Amino acid sequence: MVLSKRKSELAVKKRNLIAYTNPESIISEQYRTIRTNLYFINGERKSNTLLITSPGKWEGKSTTASNIAVSMAQQKEKVLLIDGSLRNPSVHHIFKTANNTGLTDILTGKVSFEETVLSSEIGSLDILTSGTIPFNPAELLASEMMKQLLQKVSSLYDIILIDSPPVLEVTDTKILANLSNGVVLVVRKDKTKMESAIESRKVLEYARSKIVGVILNEKN
């Protein structure tokens, strides 16, 4: 299938995308290390769907998910980054692109995936923004349409990364975790409490999800 993708107006100087703007930096090398570790964890499996989440707000999960996506795309992987944070999305801010339509509009049948997906023009990295903020995000994410969408994109991409809401704040993350092949938990050295990290693990295990890694994010 050939996709006719919209182009994102990527701001190349966006500081949060350091894996793109400064690929020779120490931080970019750390993202490449994370990328390599995820490859080893997942083995030879393709079209893997990984959820990126954190216990609470301001722990860097969206920035981490975006930079991992960039790093994977630089390795010639076909990558799709989905903003699954339907209540407070941020991926479109990081990539400096519009969010007029996105995931929610696909799930409500207003548009197709092909009409909505964005080309970041960074390798083979595509972006699916969150779209219109809905009144029923949990119901949309738990819908058959969401399952069908993930099945569809799994045949089009090598890696699918989903940026989700904080796991301890809303039920949306548990739904997405159950639909994913694995979960990466982002914690921040100066922010995350140990109790929150332990509770996040329990919640994710209750959702029958597989935690494949924990990333310690330090404030720069």
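Note that the structure is predicted; figures quoted are calculated from it, not measured.
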- Report yes if the side chains of Leu86 and Leu141 come closer than 4.5 Å at any heavy-atom pair, otherwise no. yes
- Task: Taking the side chain as every heavy atom from C-beta outward, state whether Asn178 and Ser209 have any pair of such atoms under 4.5 Å apart.
- Result: no
- Sorted by first residue and then second, give each salt bridge (charged side-chain N to carboxylate O under 4.0 Å, His left out) pair with at least one member in residues 170-183; sequence neighbours left out. Arg87-Asp172
- Query: If only atom types and distance count, is the side chain of Ser164 paired as donor or acceptor with the main-chain N or O of Gly84 below 3.5 Å?
  - Reply: no
- Leu38 vs Ile68 side-chain heavy atoms within contact, under 4.5 Å: yes
- Flag if over 12 foreign heavy atoms under 6.0 Å of CG, Leu216: yes
- Salt bridge between Glu114 and Lys152, side-chain N to carboxylate O under 4.0 Å? yes
- Note on the structure: Correct closest heavy-atom pair for Ala98 and His92 would be O-CB, 4.1 Å
- Would Leu128 and Thr116 count as a side-chain contact (heavy atoms from CB on, under 4.5 Å) if you check the C-alpha gap in whole Å, the side-chain angles of each, and the deciding distance to 0.1 Å? CA-CA 7 Å; Leu128 182 59; Thr116 312; 3.8 Å; yes
- Note on the structure: Rounded to the nearest 0.5 Å, the CG atom of Leu51 sits from the CD1 atom of Ile175 at a distance of 11.5 Å
- Query: Are Glu29 and Arg32 close enough for a salt bridge, meaning some N to O gap below 4.0 Å?
  - Reply: yes
- Task: Kindly say whether Pro165 contributes a backbone atom to a donor-acceptor pair with the side chain of Thr53 at under 3.5 angstrom?
- Result: yes
- Is there side-chain contact between Arg201 and Ile211, with heavy atoms separated by less than 4.5 Å? yes
- Message: What's the separation between atom CD1 in Ile52 and atom NZ in Lys61, rounded to the nearest 0.5 Å?
- Response: 10.0 Å
- Can you tell if the side chain of Val212 reaches within under 4.5 Å of the side chain of Val183, non-hydrogen atoms only? no
- Task: Quick one: closest heavy-atom pair of Ile18 and Asn67, and the distance?
- Result: N-OD1, 3.1 Å
- Query: Do Leu140 and Ile133 belong to the same hydrophobic cluster, where Ile, Leu, Val, Met, Phe, Trp and Tyr are linked whenever their side-chain heavy atoms lie under 4.5 Å apart, directly or via other members?
  - Reply: no
- Straight-line distance of Leu118 CG to Thr129 OG1, nearest 0.5 Å: 6.0 Å
- Query: Asp83 side chain to Ile162 main-chain N or O, any donor-acceptor pair under 3.5 Å?
  - Reply: no
- Query: Does the side chain of Thr108 reach to within under 4.5 Å of the side chain of Pro134, using non-hydrogen atoms?
  - Reply: no
- Message: Could you work out, with side chain to side chain contact (heavy atoms under 4.5 Å, CB included) as the rule, every residue matching Ser90, not counting sequence neighbours?
- Response: Ser62, Asp163
- Scanning both residues in full, the closest heavy-atom pair of Ser85 with Ser130 reads O-CB, 4.1 Å
- Task: Look up atom CZ in Arg35 and atom CE in Met72, then write down how far apart they are to the nearest 0.5 Å.
- Result: 8.0 Å
- Message: One pair to check against side-chain contact (heavy atoms from CB on, under 4.5 Å): Ile127 and Val91. What are the steps and the verdict?
- Response: CA-CA 8 Å; Ile127 304 163; Val91 168; 3.7 Å; yes
- Message: Under the criterion side-chain contact (heavy atoms from CB on, under 4.5 Å), I'd like the reasoning laid out for Ser66 against Leu17: C-alpha separation, chi angles, the key distance, then a yes or no.
- Response: CA-CA 7 Å; Ser66 298; Leu17 282 178; 3.9 Å; yes
- Picking from Leu80, Leu179, Leu176, what satisfies side-chain contact (heavy atoms from CB on, under 4.5 Å) with Leu150? Leu179
- Query: Atom CD1 of Ile34 and atom CG of Asn217: how far apart are they, to the nearest 0.5 Å?
  - Reply: 8.5 Å
- So if you build clusters from Ile, Leu, Val, Met, Phe, Trp, Tyr with side-chain heavy-atom gaps below 4.5 Å, do Val167 and Val170 land together? no
- Minimal heavy-atom distance between Ala197 and Leu185, with the atoms involved, is O-CD2, 4.4 Å
- Message: Just so I know, are the side chains of Val79 and Asp158 near enough to count as touching, which here means a heavy-atom distance under 4.5 Å?
- Response: no
- Query: Any donor and acceptor pair, going by atom type alone, linking the side chain of Glu169 with main-chain N or O of Pro166 inside 3.5 Å?
  - Reply: no
- Task: Kindly give the heavy-atom pair with the smallest separation between Ala65 and Leu161, and that separation in Å.
- Result: O-CD1, 3.9 Å
- Task: Check whether any side-chain N or O of Thr101 sits under 3.5 Å from a backbone N or O of Gly131 as a donor-acceptor pair, and report yes or no.
- Result: no
- Hey, is the main chain of Gln151 close enough, under 3.5 Å, to the side chain of Ser154 for a donor-acceptor pair? yes
- Shared ILVMFWY cluster between Trp58 and Leu168, side chains joined below 4.5 angstrom? no
- Item | Criterion side-chain contact (heavy atoms from CB on, under 4.5 Å) against Pro55, the qualifying member of Val187, Val186, Val203 | Val187
- Query: Closest heavy-atom contact between Thr171 and Ala138?
  - Reply: CG2-CB, 3.7 Å
- Message: Check for me, please, whether Ile122 and Ile27 land in the same ILVMFWY cluster - side-chain distances under 4.5 Å, paths through other members count.
- Response: yes
- Does Leu156 offer a backbone N or O that forms a donor-acceptor pair with the side chain of Lys78 under 3.5 Å? yes
- Item | Sub-4.5 Å side-chain heavy-atom contact between Tyr157 and Leu125 | no
- Item | Trace of the side-chain contact (heavy atoms from CB on, under 4.5 Å) decision for Asn99 with Thr132 | CA-CA 8 Å; Asn99 190 29; Thr132 308; over 6 Å; no
- dist Thr49:OG1 -> Ile82:CD1 (nearest 0.5 Å) comes out at 7.5 Å
- Test item: Glu115 side-chain N/O and Ser112 main-chain N/O as donor-acceptor pair under 3.5 Å: yes
